[in-house]
Amino acid sequence: MASIPSISVTATLNKLEPDLKKLSPASIGFDKSIPHQELRCPEPQEALSVLGECTTIETATYVPLLQECIDRRSVSNARALHAHAVKTGADRDPFLSTFLVNVYAKCASMARARALFDELPHRNIVAWTSMITGYAHNSQPDLAVSVFVELLDSGVYPTNYTLGAVLSACSSLHSLKLGEQIHGFVIKYRVESDTSMGNSLCTLYSKCGDLESAVKAFRRIPDKNVISWTTVITACGSNGDAEMALKLFVAMLWTDCAPNEFTLTSVLSSCCVVQALGLGEQVHSMCVKLGCDSSLPVRNSIMYLYMKCGKIGEARRIFNEMGTTVRLITWNAMIAGLAQMMDNASDEFLARRSGMEALKIFLELNRSGTKPDLFSFSSMLSICSRLVVLEQGEQIHAQTIKTGFLSDIVVGSALVNMYNKCGSIENACKAFVEMPTRTMISWTSMITGYSQHGRSREALQLFEEMRLAGVRPNQITFVGVLSACSHAGMLDEAKAYFKMMKNEYGIKPVMDHYACMVDIFVRLGRLGEAFDFMEGMEFEPNEVIWSILVAGCRSHGNMELGFRAAEKLLELKPKDAETYVLLLNMYISAGRWQEVSKVRKLMKEERLGGLKDWSWINVKDRVFAFRADDHSHPQSPDMYALLENLLEKARGLGYVAHGELEVAEEEEKAKMFGVSVHHSERLAIAFGLLNTHDCAPVRVVKNMSVCRNCHDCVKFVSILTRREIIIKDSKRLHRFRDGRCSCGDFGAF
DNA sequence: CTAGGGTTAG
């Protein structure tokens, strides 16, 4: 076999491109696929009329007719032919009766296959194998295995075909233990060198999550075919090693083995993971050259690739071209792609645009008469949680109840998450409790929810319950646990959990865990210890950690450490405009003008000039966007009047505006004209208060962090209006109630 | 009587 290049991923990808460009169907010796011929299948009566009234019919006459039944999956025709064979006595031929078992199995009629199998006077190995294959292919892998056990008990020897069928059952059961025992049989019966055996073993280990053994099984196949290559490429892709998948694909191209639509689909999905648009485009053109682009899975993968790489227009074009062949999975890929884009979006505008597009597509999907499934629902719930649109989320919740998909674990977890992210922890809790089964992910989701709502005690209690239930936490669970500790300033607990994570669960701490720990030290004002703790990190701290330190040093008045952290932060050249504002504010308040101009210059270099403050609010299915000091909405006079009125009352209750420095460009303008500043969230809140009923919570999304003044101000507004106000800003969720915020006042700088 | 592909949650 061709050797696999062992160079770094990006280098490999760059090197791959010229090679791929040279590719053409001829260069890899690919036969143009033969057009699929229309199958002509006679109705039962017609089939019987072919046989006529003749009573001495040989097996050979039935076989082609039964073959057509298999191709058409026609149980009724098979039954008619079977009945006819019984009448003529042809079914006494062991070959025909065995074939009939296989026909029923292939037509997914396992009950009939079993009945016939049980009546067979001589069960040969082919009949046994047909039964096992049948169960394995008809989502009854457990029955497949028990038939295999029956076979062993009856003293029959399995063949490579039989073992392949059992292995496939073990794969769908994800049972490594069982599979390894079958692997033992493979060695015992000396069928290791059989290509299909190797392929089945590769699939087994891949499905059981043992990538190393899967690759080993592949390497041991002496004559590798397309299926071997496709299997190993898929194995890498589905076990989190997309780079290896792509390397293997290139290695494959150096052999005589041509890729087919299965291979290309798998390769495209790996391109999606590493967002290799350039490579993906070449694979796309290869699909066209090889005539594989009409395959639905290939098309879906291509569309999903463009989606994931942010080419919505291109994806839409492919989607529209698919016209009437659009199936549910295509809709789902579109929605999932948009959800992904939302997560990868560099700014809130792009994220919102993708999310709103997904809502639109989901509406189209429902109107098309197609029934959404668990994939659609879980993606949509994740989109609703990101957009903080509770009403739409509730509608989807209702739809999941009606369609019965609520009992799905993934949908259930997504629902818990949606309620949490929309600020409704009570409903999240209800959804969590009502789940028929809880996985690690549902526990994690709820723990994180409590933590984000500032309910640290409940978060930690739930974590202990999870452990008691015997569910193993992962990295993300511990992020939730540690951030719960940091919210409540529980340093000792945090240290203990950090240790537990490493020692008891063998989980390596990542950046997020360190960020939580540093955050605790900073909250408690123990800045020196925060620096000491960072010494123990196995990697360089990132901009998030440094900005926590800068902000902490600033609020605790430790300027010396603050400047040190700031220098480090500047070296990293963060991509986030808000971080620069943090630095600017610090340098301005210290009168360090040299650094101020340095930061300004960096911002220009990084093209982070304009900081635009925006907030969004959903009212009755419509989205309203506001900027700072926005006067564009017809209701503006009422909104400003309401705000001034509330501010007046708030001052009476003790609200004082801090002398914060203002840097956003709107504010600079406002200062020049000597007008007061109303940040966008205030306007969105005012609009929400005016346009929703008396006790409805107001939910606002903001593209920047809430400033300290607004944060204080909203607290008073929540008292004065007796309303719950939820703001999701660029950093965290704030839920204001009765003058208090769930963030514990540590979320605003 | 075999073997392989597309969409989901924290």
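Within every chain, numbering begins at 1; the chains are lettered A, B, ... in the order of the sequence lines, protein sequences first and strands thereafter. Any value given below was found using the heavy atoms of this structure, including those in side chains, with hydrogens, waters and symmetry copies removed.
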(message) Using a 5.5 Å cut-off between ring centres and planes within 30 degrees, is A/Phe375 stacked on the base of B/dT7?
(response) yes

(message) Taking salt bridge (Lys or Arg N to Asp or Glu O under 4.0 Å) as the definition, give me every residue that meets it alongside A/Arg438, ordered by chain and number, with sequence neighbours left out.
(response) none

(message) Given B/dG5, B/dG10, B/dT7, identify the nucleotide with an atom nearest to the side chain of A/Val298.
(response) B/dG5

(request) Could you please name the option among B/dC1, B/dG4, B/dA9 that lies closest to any side-chain atom of A/Ala414? (result) B/dA9

(request) Please state whether the base of B/dG5 and the side chain of A/Thr263 form at least one donor-acceptor pair under 3.5 Å? (result) no

(message) Is it the case that B/dA9 (base atoms only) and A/Asp408 (side chain only) share a donor and an acceptor within less than 3.5 Å, ignoring hydrogens and angles?
(response) no

(request) Using the six-membered ring of A/Phe117, assess whether NZ or CZ of A/Arg123 lies under 6.0 Å from its centre and within 45 degrees of the ring axis. (result) yes

(request) Calculate the interatomic distance between A/Ile361 atom CD1 and B/dT7 atom C1'; express it in whole Å. (result) 13 Å

(message) What's the closest nucleotide to the side chain of A/Asn102 if the choices are B/dG6, B/dG10, B/dC1?
(response) B/dC1

(message) Tell me whether the side-chain N or O atoms of A/Asn474 pair up with the base of B/dG10 as donor and acceptor below 3.5 Å, since no angle test is needed here.
(response) yes

(request) Calculate the interatomic distance between A/Glu261 atom CD and B/dG4 atom P; express it in whole Å. (result) 15 Å

(request) Could you work out which one of B/dT7, B/dC1, B/dA3 sits closest to the side chain of A/His137? (result) B/dA3

(message) At 4.0 Å (heavy atoms only), tell me whether A/Ala165 reaches a base, stays on the sugar-phosphate, or touches nothing.
(response) nothing

(request) For the pair A/Asn239 (side chain) and A/Ser206 (backbone), establish whether a donor and an acceptor sit closer than 3.5 Å, ignoring hydrogens and angles. (result) yes

(request) Using whole Å, report how far CE of A/Met334 lies from C1' of B/dT8. (result) 17 Å

(request) Go through A/Gln461 and A/Tyr450 one step at a time and tell me if the side chain to side chain contact (heavy atoms under 4.5 Å, CB included) criterion holds. (result) CA-CA 10 Å; A/Gln461 206 173 334; A/Tyr450 273 131; over 6 Å; no

(request) Using the salt bridge (charged side-chain N to carboxylate O under 4.0 Å, His left out) rule, collect all pairs that involve residues 316-339 of chain A, keeping only residues at least two apart or in two chains. (result) A/Glu314-A/Arg317, A/Arg316-A/Glu357, A/Arg316-A/Glu364, A/Arg317-A/Glu321

(request) Kindly indicate whether the side chain of A/Asn260 and the base of B/dG4 share any N or O donor-acceptor pair separated by less than 3.5 Å? (result) yes

(request) Among the candidates B/dC1, B/dG4, B/dG5, find the nucleotide nearest to the side-chain atoms of A/Lys106. (result) B/dC1

